[in-house]
*Asks:* 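Quick one: structure below, then a few questions.
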Amino acid sequence: MVAQFRHEAKQEPNTTKAQLTKTEADIQQMIQERQLKIQEIQHSVDLSKKAADRETAEGVEVFTAMIELVQRSLNQVKEEIQEKQRTTEKQAEDFIKELEQEISELKKRSTEVEQLSGSEDHPRFVYRVTSVNTAPPMKTWKKVSIRPPSYEGTVVRAVSQLEDKLREEKKKVFKADLKRLQQYEVDVTLDPNTAHPDLLVSDDRKKVHDGDMKKNLPNNPERFSVNPCVLGKQSFSSGRFYFEVQVKGKTKWTLGVARESINRKVQISVSPEDGYWTIWLRNGNEYKALNDPPVSLYLESLPQKVGVFVDYEEGLVSFYDVDSSGLIYSFTDCCFSDKLLPFFSPCINDGGKNSAPLIITPVRKSFSF
C-alpha cells in the first residue's frame, strides 16, 4: 500500500508538467494565431489604403478634366460674347468717325455759305456758289443703324456642346470602371436542375431559350415550376463577381441575381424584398430595374450584351451595357444574408419573336479603350 502511494506521488509531478507543457503550447499557438490575424488586418488596411489612394487619384484626374472642360467652355462663351461686342463697337466707331468727318465738311461749307452771303464780288460769288453746289454728295444716314448683336442662345449652345464633351468623359470613366470590374469575372454555368420544364439548356450549359414545349422532368425542389427561369450553378456568399450575358435578338428577358432560398414553386415576384435583384426588357425596347418600386430605364442604345457585377459586402448589384460601357442601373445598400446565384429568364418564345437564347459569354480579354 505504501509502495503504491509512493509510485502515484512520483507520477503526479510528471503528469502536471506534461499538462503545463501542453497549456504553454496552446497559449503560444493562440498568440501566433492572433499575431497572424493582426498581420492579416494590417494587410487589409494597407490594401484598402492603396485602393482608396488609387480611386482618389483617378477621381481627382477625372474631375479636374471636367473642371477644365467647364472653364474652357466658359472662356469660349465669354470670348464669343466679347467678340460680338467688339465688332459692334468697331462698327459704331467707324460710323461715328465717318459722321464726324462729314460734320466737319458740312461746317466748312456752312462757313463758306455765310461768307458768300456777304460778298459783293459777283464773279467770285458765282464761282464759289457753283463750287459749293457741285461738291460730292454725302451719304444718306436715315437707313444706317447699329443693330445690337443677338446673344440669345449663346449660353444654351455652349451648355449643349459642354454636355457632349462631358458625355465623352463619362464614357471614358465608365469604360475604365467596367474594365476593372471585368477582372472579377467568374465562369458561370447554368444549372439544368433548376430550369423550368419549358426551357432548353445547351450541353455546355451556357445557353438557354424557351423550347415552346414542356418537357416531362422530375419536379425536384430546386426547379422553377411556374416561371420560365433558371439559376446559375455557382453560388456566392462573399466577395465580388462579374459575368456577361448576350441578349442580342431578344424582345424579352430578365437578368440578375437571386437568393438561394427563393421559393421556386410559386408565381415569382422579382423584387429585392422577395430576394431578386434584376432588370428586364419587355416589348423590344422597354427596360426596367425591378426595384421597390420598379424604375423605368431610358437607354441611349439597346444593349446587346449585359454585364452583371456584384459586391456582396458592399450590397451592390450593377448592370452594364458592355458594348457602350454604359452603366444601366445599380441596386445599392442591398442586404444580403443568403447565398446569391445568377438568375436568368429568357421568357416565352412568343411565336418565334423571342426565340433567341440568352448566352453566357466570356469577357473579351482584348477589350481595348
*Asks:* Taking side chain as C-beta onward, heavy atoms only, is L217 less than 4.5 Å from R223?
*Replies:*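 When only atoms from C-beta onward are counted, R223 and L217 do touch, with a gap below 4.5 Å.
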*Asks:* Of all residues at least two apart in sequence or in a different chain, which pass the side chain to side chain donor-acceptor pair (under 3.5 Å) check with S235?
*Replies:*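 Side chain to side chain donor-acceptor pair (under 3.5 Å) check on S235 returns nothing, list empty.
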*Asks:* What residues form a side chain to side chain donor-acceptor pair (under 3.5 Å) with N75, not counting sequence neighbours?
*Replies:*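 Once residues adjacent in sequence are excluded, the partners of N75 under the side chain to side chain donor-acceptor pair (under 3.5 Å) criterion are Q71.
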*Asks:* Of all heavy-atom pairs between H209 and A356, which one has the smallest distance, and what is that distance?
*Replies:*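 Taking every non-hydrogen atom into account, CB-O, 4.2 Å.
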*Asks:* Between OG of S324 and NZ of K305, what distance do you get to the nearest 0.5 Å?
*Replies:*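 One finds 12.5 Å between OG of S324 and NZ of K305.
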*Asks:* Tell me, with the steps shown, if D323 and K248 meet salt bridge (charged side-chain N to carboxylate O under 4.0 Å, His left out).
*Replies:* CA-CA 12 Å; D323 295 324; K248 183 178 180 181; over 6 Å; no
*Asks:* Scan D94, T87, T88 and name whichever one has a side chain to side chain donor-acceptor pair (under 3.5 Å) with K90.
*Replies:*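 Option passing the side chain to side chain donor-acceptor pair (under 3.5 Å) with K90: D94.
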*Asks:* Between the side chain of Q182 and the main-chain N/O of Y242, is any donor-acceptor distance below 3.5 Å?
*Replies:*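 Not at all, since once roles are kept as given, no pair shorter than 3.5 Å links the two residues.
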*Asks:* From L74 CG over to L69 CG, what is the distance, rounded to the nearest 0.5 angstrom?
*Replies:*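 Those atoms lie 12.5 Å apart.
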*Asks:* Decide whether T194 and D191 meet the rule of one side-chain donor and one side-chain acceptor closer than 3.5 Å.
*Replies:*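 The criterion, which ignores hydrogens and geometry beyond distance, is not satisfied for D191 and T194.
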*Asks:* Establish whether V363 and L327 are linked, either directly or via other cluster members, by ILVMFWY side-chain heavy-atom contacts under 4.5 Å.
*Replies:*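 Hydrophobic grouping puts V363 with L327.
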*Asks:* Search all heavy atoms of S318 against all heavy atoms of S330 and return the closest pair with its distance.
*Replies:*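 Answer, listing the atom of S318 first, then S330: OG-OG, 2.6 Å.
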*Asks:* Regarding E80 and Q76, is there a side-chain donor-to-acceptor distance under 3.5 Å anywhere?
*Replies:*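 No, because no side-chain N or O of E80 sits under 3.5 Å from a partner of the opposite role on Q76.
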*Asks:* For side chain to side chain donor-acceptor pair (under 3.5 Å), just list the numbers for T254 and S345, CA-CA rounded to whole Å, side-chain angles, deciding distance to a tenth of an Å, and then say yes or no.
*Replies:* CA-CA 5 Å; T254 306; S345 176; 4.7 Å; no
*Asks:* Looking at K97 and E100, is there a salt bridge between them, counting it only when a charged N and a carboxylate O are closer than 4.0 Å?
*Replies:*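 Not counted as a salt bridge, because no side-chain N and carboxylate O are separated by less than 4.0 Å.
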*Asks:* Report the C-alpha separation of Y320 and L181 in whole Å, then their side-chain angles, then the decisive distance to 0.1 Å, and conclude whether the side-chain contact (heavy atoms from CB on, under 4.5 Å) test is met.
*Replies:* CA-CA 10 Å; Y320 285 82; L181 300 185; 3.4 Å; yes
*Asks:* Drop me the distance from I262's CD1 to S269's OG, to the nearest 0.5 angstrom.
*Replies:*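 The distance works out to 11.5 Å.
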*Asks:* About how many Å separate CG of L316 and OG1 of T332, when rounded to the nearest 0.5 Å?
*Replies:*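 That separation rounds to 7.5 Å.
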*Asks:* Is there a ring pair (Phe, Tyr, Trp, His ring centres under 6.0 Å) between F336 and W277 once you walk through the steps?
*Replies:* CA-CA 11 Å; F336 302 136; W277 292 267; 5.0 Å; yes
*Asks:* Is a side-chain donor or acceptor of S44 paired with a backbone partner of E40 at a separation under 3.5 angstrom?
*Replies:*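 Side chain of S44 to backbone of E40, a donor-acceptor pair under 3.5 Å: yes, one is there.
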*Asks:* Any ion pair linking K165 and E68 (charged N to carboxylate O, less than 4.0 Å)?
*Replies:*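 Salt bridge: no.
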*Asks:* Could you check if a side-chain atom of H43 sits within less than 4.5 angstrom of a side-chain atom of Q39, using non-hydrogen atoms only?
*Replies:*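 No, side chains not in contact.
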*Asks:* Enumerate the residue pairs fulfilling salt bridge (Lys or Arg N to Asp or Glu O under 4.0 Å) with a member in residues 282-302, sequence neighbours excluded, ordered by first and then second residue.
*Replies:*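 Those involving residues 282-302 are R167-E300.
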*Asks:* Which residue is it: R86, K84, R72? I am looking for the one with a salt bridge (charged side-chain N to carboxylate O under 4.0 Å, His left out) to E79.
*Replies:*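 The single option meeting the salt bridge (charged side-chain N to carboxylate O under 4.0 Å, His left out) with E79 is R86.
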*Asks:* What pairs with Q161 under side chain to side chain donor-acceptor pair (under 3.5 Å), at least two apart in sequence or on another chain?
*Replies:*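 Checked Q161 against side chain to side chain donor-acceptor pair (under 3.5 Å); zero matches.
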*Asks:* Could you verify whether a donor N or O on one side chain and an acceptor N or O on the other, from T251 and N283, lie under 3.5 Å apart?
*Replies:*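 Absent: no donor and acceptor within the cut-off.
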*Asks:* Which residues satisfy the side-chain contact (heavy atoms from CB on, under 4.5 Å) test with K170, sequence neighbours excluded?
*Replies:*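 Applying side-chain contact (heavy atoms from CB on, under 4.5 Å) to K170 gives F174.
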*Asks:* Is L255 reachable from I360 through a run of I, L, V, M, F, W or Y residues, each pair having side-chain heavy atoms under 4.5 Å apart?
*Replies:*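 Same cluster: I360 reaches L255 through Ile, Leu, Val, Met, Phe, Trp or Tyr contacts under 4.5 Å.
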*Asks:* Using the rule that Ile, Leu, Val, Met, Phe, Trp and Tyr join whenever any side-chain heavy atoms are under 4.5 Å apart, tell me whether Y276 and V226 fall into a single cluster.
*Replies:*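 In one cluster: no.
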*Asks:* Tell me, do N354 and N349 make a side-chain contact under 4.5 Å, heavy atoms counted?
*Replies:*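 Answer no - side chains too far apart.
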*Asks:* What is the distance from atom CD of Q246 to atom NZ of K207, rounded to the nearest 0.5 Å?
*Replies:*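 Answer for the CD-NZ pair, Q246 versus K207, is 8.5 Å.
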*Asks:* Of all the heavy-atom pairs spanning A195 and V201, show the shortest one and how long it is.
*Replies:*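 So the two residues come closest at CB-CG2, 4.0 Å.
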*Asks:* Please confirm whether the backbone N or O of L302 pairs with a side-chain atom of Q304, one donor and one acceptor, at under 3.5 Å?
*Replies:*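 Flag set: sc Q304 to bb L302 pair under 3.5 Å.
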*Asks:* Could you tell me if the side chain of V306 sits less than 4.5 Å from the side chain of E244, heavy atoms only?
*Replies:*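 SC-SC contact between E244 and V306 ruled out.
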*Asks:* Among E89, E83, Q82, which residue meets the side chain to side chain donor-acceptor pair (under 3.5 Å) test with Q85?
*Replies:*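 The single option meeting the side chain to side chain donor-acceptor pair (under 3.5 Å) with Q85 is E89.
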*Asks:* Heavy-atom distance under 4.5 Å between the side chains of S261 and K339, does that happen here?
*Replies:*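 No, every pair of side-chain atoms sits at 4.5 Å or beyond.
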*Asks:* For the pair F241 and Y184, evaluate ring pair (Phe, Tyr, Trp, His ring centres under 6.0 Å) and give the outcome as yes or no after the intermediate values.
*Replies:* CA-CA 5 Å; F241 62 94; Y184 298 101; 9.9 Å; no
*Asks:* Is it true that R157 and E152 make a salt bridge, defined as a side-chain N closer than 4.0 Å to a carboxylate O?
*Replies:*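 Judged by the 4.0 Å cut-off on N to carboxylate O distance, R157 and E152 do not form a salt bridge.
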*Asks:* Going only through I, L, V, M, F, W and Y residues with side-chain contacts under 4.5 Å, is there a path from F243 to L340?
*Replies:*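 Same cluster.
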*Asks:* So, do V317 and V257 sit near enough that their side-chain heavy atoms are less than 4.5 Å apart?
*Replies:*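 Heavy-atom side-chain distance check passes, below 4.5 Å.
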*Asks:* Could you tell me which non-hydrogen atom of C229 sits nearest to which non-hydrogen atom of F343, and how far apart they are?
*Replies:*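 What the structure gives for the nearest pair is SG-CZ, 3.5 Å.
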*Asks:* Under 4.5 Å between side-chain heavy atoms, counting indirect links through other Ile/Leu/Val/Met/Phe/Trp/Tyr residues: same cluster for L190 and V186 or not?
*Replies:*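 Result: yes, single cluster for both.
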*Asks:* Looking at N220 and N193, would you say the former's side chain and the latter's main chain have a donor-acceptor pair under 3.5 Å?
*Replies:*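 Side chain of N220 to backbone of N193: a pair is present.
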*Asks:* Using a 4.5 Å cut-off on heavy atoms from C-beta on, say whether the side chain of Q234 contacts that of F236.
*Replies:*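 Touching, per the 4.5 Å side-chain cut-off.
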*Asks:* With the threshold set at 4.0 Å, does a side-chain nitrogen-carboxylate oxygen contact exist between K22 and D26?
*Replies:*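 A salt bridge is present here (some side-chain N lies under 4.0 Å from a carboxylate O).
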*Asks:* Taking the side chain as C-beta and beyond, is there a heavy-atom pair between H196 and S225 under 4.5 Å?
*Replies:*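 Counting from C-beta outward, H196 and S225 never come under 4.5 Å.
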*Asks:* Would N263 and V266 satisfy side-chain contact (heavy atoms from CB on, under 4.5 Å), going step by step from the backbone distance to the final call?
*Replies:* CA-CA 6 Å; N263 188 341; V266 296; 3.7 Å; yes
*Asks:* Tell me which pairs pass salt bridge (Lys or Arg N to Asp or Glu O under 4.0 Å) where either residue lies in residues 250-277, with sequence neighbours left out.
*Replies:*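 Listed by first then second residue: nothing to list.
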*Asks:* Which distance, rounded to the nearest 0.5 Å, do you find between the CG of L162 and the CD of E169?
*Replies:*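 Here the rounded value is 10.5 Å.
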*Asks:* For Q28 and E24, what are the C-alpha separation, side-chain angles and deciding distance, and is it a side chain to side chain donor-acceptor pair (under 3.5 Å)?
*Replies:* CA-CA 6 Å; Q28 290 302 320; E24 175 63 17; 2.9 Å; yes
*Asks:* Looking at A289 and I279, what are the two nearest heavy atoms and their distance?
*Replies:*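 Closest heavy-atom pair between A289 and I279: CA-CG2, 3.9 Å.
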*Asks:* Please report the shortest heavy-atom distance between T278 and G256, naming the atom on each side.
*Replies:*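 Heavy-atom minimum between the residues: CG2-CA, 3.9 Å.
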*Asks:* Going through the checks in order, is the salt bridge (charged side-chain N to carboxylate O under 4.0 Å, His left out) test met by D53 and K50?
*Replies:* CA-CA 5 Å; D53 290 344; K50 288 179 181 178; over 6 Å; no
